[in-house]
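Numbered from 1 within each chain, the chains take letters A, B, ... in sequence-line order. Note that this is a predicted model, so its numbers are computed, not measured.
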Amino acid sequence: MLDPKLVRSEPQTIAAALAVKGFTLDVDKLNEWEASRKELQDKAQSLQAERNAYAKSMGKAIGEAKAKGEDIEPLKAKGEALKLACSEAETALASVQQQLDAYLSGVPNTPDPVVPQGATEDDNVEIRRWGEPREFDFDVKDHVDLGASLGLLDFETATKITGSRFAVMKGEIARLHRALIQFMLNTHTGEHGYQEINVPYVVNSDSLYGTGQLPKFEEDLFKLTDDRDFYLIPTAEVPVTNVFRDEIIDAAQLPVKFACHTPCFRSEAGSYGKDTRGMIRQHQFEKVELVQFVRPEESTETLEQLTGHAEAILQKLGLPYRTIILCGGDLGFSSARTYDIEVWLPSQQLYREISSCSNFRDFQARRLKARWRNPETGKPELLHTLNGSGLAVGRALLAVMENYQQADGSIAIPEVLQPYMGGQTAIG
RNA sequence: GGAGGGGUGGCUGAGUGGUCGAAAGCACCGGUCUUGAAAACCGGCGUAUCGAGAGGUACCCAGGGUUCGAAUCCCUGCCCCUCCGCCA
């Protein structure tokens with residue numbers, strides 16, 4: 001959520017920033033609600049003050065009236081009338097406040113000034129490229145064909161077990177998948193200073209509200225039919241960022257850096273017919289996620305570091321990639337700035353997203369009430385939150401398969417993964 | 001699944017109808033003392049929101065209710081703890 005004070009005091013500035021994201025802030029409506037909120041709040045509060053003062057004086061007044069043998073009913077009646085007027089004003093205020101909150105919680109984060117203008121992913125801007133796509137002297141296969149001919153990757157069986165957009169991995173492919181997870185976690189904890197964390201894969205709606213998936217994006221989620229308001233996580237970002245919901249943490253603890261491996265579940269509603277082949281887009285996939293909580297003044301620099309941590313994995317794996325900055329129109333709801341890292345897929349002759357690294361500034365923290373105590377002011381202040389995939393494991397697996405395929409259909413194992421594969425150098 | 005006990009400020013923990021936004025301790029901040037530090041002593045110290053300010057209002061897990069008046073009484077929900085049973 002944006003700072004309501006800022007929206008109130010500088011609606012035009014905020015509206016202009018949101019326009020980059022393709023969002024139209026309804027300034028007139030906001031002003032109208034705000035005016036009536038102010039009026040009603042003033043009214044409700046003065047009635048409350050009157051009611052409180054009256055109630056306070058009642059104890060004595062009742063005692064005195066009784067001592068004199070007077071009727072105390074008129075005294076009570078006045079209190080009753082005050083109570084009624086008060087609760088009417090409170091109800092009216094609550095309803096305007098609710099409208100305001102509902103509207104504001106649907107307003108996306110403002111983009112950083114450096115975010116390029118643009119409506120779609122075509123307007124994203126490449127900022128760097130690493131590695132040279134390999135030249136093949138044979139016809140390249142995609143990971144589906146490679147996996148099928150090895151007999152270790154099977155989409156048909158997964159469809160039977162569940163339905164479309166699931167996969168079954170076996171043998172060395174399953175192990176390679178696990179090796180990637182181990183390698184990523186070990187690198188981030190051992191070299192990049194992250195603490196490993198393991199969290200629930202089922203979360204409540206408060207957590208989803210905190211990171212911004214709710215209320216706007218419920219259709220992207222798998223909801224449990226249980227009446228407890230539980231959802232499967234779409235990303236580790238949700239449980240891990242909510243670690244500090246409603247917390248005030250010590251300045252000495254900052255920055256907090258978590259690396260977390262989880263499965264992720266996405267309904268992919270609205271992506272029918274898109275990436276239907278293979279494991280690019282699945283209802284269930286695994287990811288190693290990096291999450292950081294930092295002091296506000298550090299978050300811009302932290303995003304650069306965090307993106308570097310994700311890129312380091314691709315470099316160690318020897319996979320060519322490019323890094324782009326998302327334009328306003330492609331930027332996520334909660335994000336102020338996002339870098340996508342795209343890995344080279346020889347079968348598609350394209351770079352495809354394998355990581356998305358974002359700075360949310362205080363947008364999530366405000367919803368989460370995730371704060372730190374600033375020693376300079378002695379006051380609790382909002383943290384900045386960031387996260388990025390480091391990396392999406394399924395996509396990393398297929399990138400390794402395709403980039404390291406050999407003429408005979410076997411797959412060479414990148415050197416850094418060999419220790420996790422019992423020293424094996426190739427599959428098949 | 002059965003039986004009990006709880007949820008109060010950054011933390012611990014008093015408080016069972018008005019004098020309570022809430023004792024006390026710890027932590028923290030400022031000061032006195034000290035060569036310095038510690039100790040001791042003095043003072044300050046919840047969050048949010050409205051207001052230029054004085055100040056107001058809300059908040060004692062959440063949501064309802066009783067009452068002129070609720071942290072305190074009643075109902076519902078959520079969460080935690082202890083014991084028994086079952087169990088990866």
Side-chain angles (χ1 to χ4, degrees), chain A residues 1-9 30-31 33-68 70-101 103-105 198-210 214 224 226-231 239 242-254 256 293 295 362 365-383:
Chain A
M1 189 148 94
L2 294 172
D3 182 358
K5 271 190 207 163
L6 198 64
V7 175
R8 204 178 300 143
S9 61
L30 221 45
N31 284 339
W33 280 336
E34 192 49 44
S36 85
R37 195 222 84 228
K38 246 181 174 162
E39 189 192 321
L40 286 167
Q41 181 161 329
D42 194 59
K43 187 175 161 196
Q45 292 193 349
S46 56
L47 279 166
Q48 283 167 336
E50 200 181 333
R51 178 198 60 186
N52 291 347
Y54 186 74
K56 228 168 207 178
S57 69
M58 273 298 276
K60 208 198 286 176
I62 288 177
E64 287 172 2
K66 277 187 175 166
K68 292 183 200 159
E70 287 169 4
D71 186 7
I72 60 169
E73 286 311 314
L75 292 175
K76 284 193 180 184
K78 188 181 172 194
E80 190 85 40
L82 271 172
K83 179 173 68 167
L84 209 68
C86 212
S87 70
E88 271 171 23
E90 281 169 355
T91 307
L93 174 63
S95 118
V96 179
Q97 192 73 59
Q98 208 176 348
Q99 275 180 307
L100 258 172
D101 288 347
Y103 183 75
L104 276 179
S105 70
N198 188 291
V199 293
Y201 306 153
V202 175
V203 294
N204 60 34
S205 57
D206 287 345
S207 293
L208 287 158
Y209 177 83
L214 290 180
L224 303 189
D226 177 271
D227 57 8
R228 278 179 294 188
D229 224 11
F230 284 167
Y231 297 78
N242 275 278
V243 164
F244 289 120
R245 168 148 57 86
D246 294 321
E247 299 286 335
I248 300 172
I249 63 178
D250 216 58
Q253 285 185 54
L254 296 172
V256 175
F293 301 84
R295 296 171 191 237
D362 62 12
R366 185 169 293 104
R367 293 172 157 236
L368 292 161
K369 298 189 190 67
R371 296 169 295 174
W372 65 300
R373 195 170 291 278
N374 184 344
E376 285 172 28
T377 60
K379 294 285 175 194
E381 294 174 15
L382 293 171
L383 287 161

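- Rounded to whole Å, the P atom of B:U8 lies 14 Å from the corresponding atom of B:U72.
- Atom CD of A:E247 is separated from atom P of B:G9 by 12 Å (rounded to the nearest Å).
- B:A23 and B:A14: their P atoms are spaced 15 Å apart (whole Å).
- Residue-level contact check: A:K379 touches the backbone only, with heavy atoms under 4.0 Å from sugar-phosphate atoms and none from bases.
- For the P atoms, the distance linking B:A27 with B:U76 amounts to 43 Å, nearest Å.
- Side-chain atoms of A:N204 come within 3.5 Å of backbone atoms of A:S207 as a donor-acceptor pair (strictly under, hydrogens ignored).
- A:Q45 places its CD atom 4 Å from the C1' atom of B:U57, with the value rounded to the nearest Å.
- Taking CG of A:L2 as the start and CZ of A:R8 as the end, the distance is 12.5 Å to the nearest 0.5 Å.
- In terms of position along RNA chain B, the nucleotide closest to A:S46 lies nearer the 5' end than the nucleotide closest to the other residue of the pair A:S46 and A:E80.
- Taking each heavy atom of A:L47 and A:A89 in turn, the nearest pair found is CD1-CB, 3.9 Å.
- Whole-Å rounding puts the A:D3 CG to B:U49 C1' distance at 12 Å.
- Comparing B:C61 with B:C42, their C1' atoms sit 37 Å apart, to the nearest whole Å.
- With both ends at atom P, the span from B:G21 to B:A71 equals 8 Å, rounded to whole Å.
- Phosphate proximity of B:C50 to A:R8: present, with a side-chain N or O under 4.0 Å from OP1 or OP2.
- If you take CG on A:D206 and CG on A:L368, they are separated by 10.5 Å, rounding to the nearest 0.5 Å.
- Put simply, CD on A:Q48 is 18 Å from P on B:C68, counting in whole angstrom units.
- In this structure, B:G18 forms a base pair with B:C68, meeting either the Watson-Crick or the G-U wobble geometry with both donor-acceptor distances under 3.5 Å.
- Of all nucleotides present, only B:A24 satisfies the Watson-Crick or G-U wobble test against B:U12, with each distance under 3.5 Å.
- You'll find that the side chain of A:K83 is closest to B:G69, out of B:G56, B:U57, B:G69.
- In this structure, A:R367 contributes its side chain and A:S105 its backbone to a donor-acceptor pair below 3.5 Å.
- Summarising the geometry, the separation between CZ on A:R371 and C1' on B:U47 is reported as 7 Å, rounded to the nearest angstrom.
- When the C1' atom is compared between B:G25 and B:G9, the two are found 13 Å apart, to the nearest whole Å.
- Base pairing of B:U57 is made with B:A48, judged by Watson-Crick or G-U wobble geometry with both donor-acceptor distances under 3.5 Å.
- The distance from atom CG of A:L84 to atom P of B:U67 is 13 Å, rounded to the nearest whole Å.
- Between atom NZ of residue A:K369 and atom CG of residue A:D246 there is a gap of 5.5 Å, rounded to the nearest 0.5 Å.
- In this structure, A:N52 places its CG atom 14 Å from P of B:A22, rounding to the nearest Å.
- Residue-level contact check: A:K5 touches the backbone only, with heavy atoms under 4.0 Å from sugar-phosphate atoms and none from bases.
- With B:G10, B:U57, B:U47 as the choices, the nucleotide that has an atom nearest any side-chain atom of A:I248 turns out to be B:G10.
- As rounded to the nearest Å, B:G51 and B:U57 have P atoms that lie 16 Å from one another.
- Regarding A:E39, its CD atom lies at a distance of 15 Å from the C1' atom of B:C50, rounded to whole Å.
- To the nearest whole angstrom, the two C1' atoms, one in B:C11 and one in B:G17, are 29 Å apart.
- Residue A:R373 is classed as a sugar-phosphate contact, given heavy-atom separations below 4.0 Å to backbone atoms only.
- Base pairing of B:C33: no nucleotide in any strand meets the Watson-Crick or G-U wobble criterion (both distances under 3.5 Å).
- Atom CG in A:L100 sits 10.0 Å away from atom OG in A:S95 (nearest 0.5 Å).
- Of all nucleotides present, only B:U82 satisfies the Watson-Crick or G-U wobble test against B:A3, with each distance under 3.5 Å.
- When each of B:G18, B:G10, B:U57 is scored by its nearest atom to the side-chain atoms of A:A55, the top-ranked nucleotide is B:G18.
- Between A:P380 and A:K38, the one whose closest nucleotide on RNA chain B sits nearer the 5' end is A:P380.
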